[in-house]
S.K.: 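Structure incoming, see below.
Counting from 1, the numbers follow the sequence of the chain as shown. What you see below is based on every heavy atom in this structure, not just the backbone, and it leaves out hydrogens, waters and symmetry mates. Since this is a predicted model, take the numbers as computed values, not measurements.
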Amino acid sequence: MVGDVTEAKECRRNDPMDLFRSGQVVKICAPMVRYSKLAFRTLVRRYSCDLCYTPMIVAADFVRSAKARDSEFTTNKDGIDLNCGCPQRWAMAEGYGACLINKPELVKDMVRHVRNQINNPEFSVSIKIRIHEDLKRTVDLCQKAEAAGVSWITVHGRSVEERHQPVHYDAIKTIKQSMSIPIVANGDIKTLKDAENVHQLTEADGIMAARGLLANPAMFAGYEETPFKCIQDWVDIALEHGTPFTCFHHHLMYMMERITSKQEKKVFNVLSSTSAVLDYLNDHYGV
């Protein structure tokens, strides 16, 4: 089994479903391998992100390794998401990720089993999926999961085979209209305006972003590009959390992609130490 852990904004809520009951569109940071660690989740929550996912956790590794447990379970947990949407070949080859959308009865059993193992009824159990070419199969999968007690479903509007093709927002709308639980739309959301448009197109209860937030963690707060205040916040948070240099640096490379010249990137992207990065930010941007 693989899954992601969900945590509500600033960990103030015990039941993430309260976010969906609020009547506002729930803004969500997607699970991202290597990137949606605690420090980054702390950052995006400062900029209007309501709900955050940890990176995908492989259950076998989690059980065997204390290091894996310590790496991901470093904050309050308000729910667990069963990852039925990862299209990466290694995940598919192991029998999990997006290949699970072709096993609706297994997904139903997984949801029911997790729900039965948790005494707290406010602990959310969600799933993240991709769509089938035959959308009736996706609706059937979602309805089975709903019957088993799933809290909400995130739908990435592409099939397993699709990577950069246009997102099928009409498919997400069809799924939304077929369900009584919250549906979250995912796919190619890079600005707050994109999020608003996708909400209008799909009627989804929530919007999940991944690469858009990597490039601009302040996206959900309405910023068109990463503000320098956000960069400063990232530096402070990352240093406080002891974020490894590679992760610290890569996040900055993503955040500064739109606000640095090609020549500046050539210099900044090859810096090799935290002190060098801090000196560069101070000298060039006063950060």
Side-chain angles (χ1 to χ4, degrees), residues 1-7 28-47 49 51-77 79-94 96-98 126 128 130 154 156 158 163-164 186-190 208-220 226 230-231 233-258 265 268-274 276-278:
M1 182 185 295
V2 294
D4 324 294
V5 176
T6 56
E7 57 188 19
I28 303 172
C29 177
M32 292 177 278
V33 174
R34 295 185 301 277
Y35 291 113
S36 55
K37 301 281 190 176
L38 177 58
F40 187 70
R41 300 194 304 269
T42 301
L43 178 68
V44 296
R45 285 199 298 271
R46 290 189 182 180
Y47 291 90
C49 189
L51 195 67
C52 296
Y53 283 61
T54 69
M56 182 171 69
I57 299 170
V58 179
D61 294 341
F62 185 80
V63 170
R64 285 195 301 261
S65 170
K67 182 178 179 181
R69 293 192 292 275
D70 292 341
S71 174
E72 306 304 347
F73 272 38
T74 47
T75 186
N76 290 349
K77 284 76 66 178
I80 188 165
D81 183 86
L82 303 178
N83 193 325
C84 307
C86 178
Q88 296 186 45
R89 290 179 181 176
W90 67 266
M92 302 272 285
E94 293 291 332
Y96 45 75
S126 56
K128 185 175 185 288
R130 284 188 168 231
T154 299
H156 182 95
R158 292 186 177 97
R163 291 295 186 272
H164 303 292
N186 173 236
D188 282 4
I189 296 160
K190 298 177 182 177
M208 176 183 283
R211 286 176 295 175
L213 282 172
L214 278 181
N216 178 9
M219 179 189 85
F220 282 141
T226 309
C230 182
I231 293 173
D233 285 342
W234 169 246
V235 171
D236 293 343
I237 292 168
L239 294 180
E240 179 184 348
H241 284 82
T243 302
F245 171 73
T246 300
C247 180
F248 170 65
H249 190 208
H250 281 189
H251 272 295
L252 286 168
M253 289 163 61
Y254 277 114
M255 292 179 203
M256 298 171 63
E257 173 70 24
R258 300 176 190 169
K265 290 182 181 66
F268 183 79
N269 291 0
V270 297
L271 296 176
S272 58
S273 70
T274 298
V277 167
L278 295 178

S.K.: Taking all non-hydrogen atoms of both residues, which atom of C52 and which atom of R41 are closest, and how far apart?
M.R.: CB-CD, 3.7 Å
S.K.: In the structure I gave you, are the side-chain heavy atoms of M253 and F268 within less than 4.5 Å of one another anywhere?
M.R.: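 They are in side-chain contact.
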S.K.: Could you tell me which non-hydrogen atom of V44 sits nearest to which non-hydrogen atom of L213, and how far apart they are?
M.R.: CG1-CD2, 4.4 Å
S.K.: Within the side chain of K265, is there an N or O that forms a donor-acceptor pair under 3.5 Å with the backbone of E257?
M.R.: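 Here the side-chain-to-backbone pair exists.
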S.K.: For the atom pair CE (M56) and CZ (R34), what is the distance rounded to the nearest 0.5 Å?
M.R.: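 Answer rounded to 0.5 Å: 11.0 Å.
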S.K.: Rounded to the nearest 0.5 Å, how far does OG1 of T243 lie from NZ of K37?
M.R.: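 One gets 10.0 Å once the value is rounded to the nearest 0.5 Å.
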S.K.: Heavy atoms, side chains only, cut-off 4.5 Å: are V235 and V277 in contact?
M.R.: no
S.K.: A quick test of your reading: do over 12 heavy atoms of other residues, nucleotides or ligands sit less than 6.0 Å from CZ of R163?
M.R.: yes
S.K.: Using modelled atom types and a 3.5 Å cut-off, is there a donor and acceptor pairing between side-chain atoms of H249 and backbone atoms of F245?
M.R.: no
S.K.: Would you find more than 12 non-hydrogen atoms of other residues, nucleotides or ligands less than 6.0 Å from Y254 atom OH?
M.R.: no
S.K.: Quick one: closest heavy-atom pair of L214 and M32, and the distance?
M.R.: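 The pair with the smallest heavy-atom distance is CG-SD, 3.7 Å.
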S.K.: A side-chain contact here means heavy atoms from C-beta on lying under 4.5 Å apart; do Y53 and M208 qualify?
M.R.: yes
S.K.: Identify the heavy atoms of R258 and A215 that sit nearest to each other, and give their distance.
M.R.: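 So the two residues come closest at NH2-CB, 3.7 Å.
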S.K.: What pair of heavy atoms forms the shortest contact from R45 to L38, and how long is it?
M.R.: NH2-CD1, 4.5 Å
S.K.: With rounding to the nearest 0.5 angstrom, report the CD1 to CG distance, I28 to N186.
M.R.: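 Result: 9.0 Å between the selected atoms.
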S.K.: What residues form a ring-ring contact (aromatic ring centres under 6.0 Å, His included) with H251, not counting sequence neighbours?
M.R.: Y35, F40, W234
S.K.: ring-ring contact (aromatic ring centres under 6.0 Å, His included) with F220: which residues, sequence neighbours excluded?
M.R.: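 Listed in chain order: nothing, the list is empty.
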S.K.: Out of I231, L271, N269, T226, which one pairs with L252 under the side chain to side chain contact (heavy atoms under 4.5 Å, CB included) rule?
M.R.: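 Result: among I231, L271, N269, T226, I231 is the only option passing the side chain to side chain contact (heavy atoms under 4.5 Å, CB included) with L252.
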S.K.: Within the structure provided, determine whether Y96 and N83 are in side-chain contact (heavy-atom separation under 4.5 Å).
M.R.: no
S.K.: Drop me the distance from D188's CG to H156's NE2, to the nearest 0.5 angstrom.
M.R.: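 So the CG of D188 and the NE2 of H156 are separated by 7.0 Å.
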S.K.: Before giving the answer on side-chain contact (heavy atoms from CB on, under 4.5 Å), spell out for T42 and E240 the whole-Å C-alpha distance, their side-chain angles and the decisive distance to 0.1 Å.
M.R.: CA-CA 11 Å; T42 301; E240 179 184 348; over 6 Å; no
S.K.: Compare all side-chain heavy atoms of M92 with those of P87 and state whether any distance is below 4.5 angstrom.
M.R.: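 In short, these two side chains do not touch, never coming nearer than 4.5 Å.
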S.K.: If you take all heavy atoms of C29 and C49, which pair is closest and at what distance?
M.R.: N-SG, 3.4 Å
S.K.: Does atom CZ of R211 have more than 12 heavy-atom neighbours, drawn from other residues, nucleotides or ligands, at distances under 6.0 Å?
M.R.: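 Counting neighbours around CZ of R211, 12 or fewer heavy atoms of other residues, nucleotides or ligands fall under 6.0 Å, so no.
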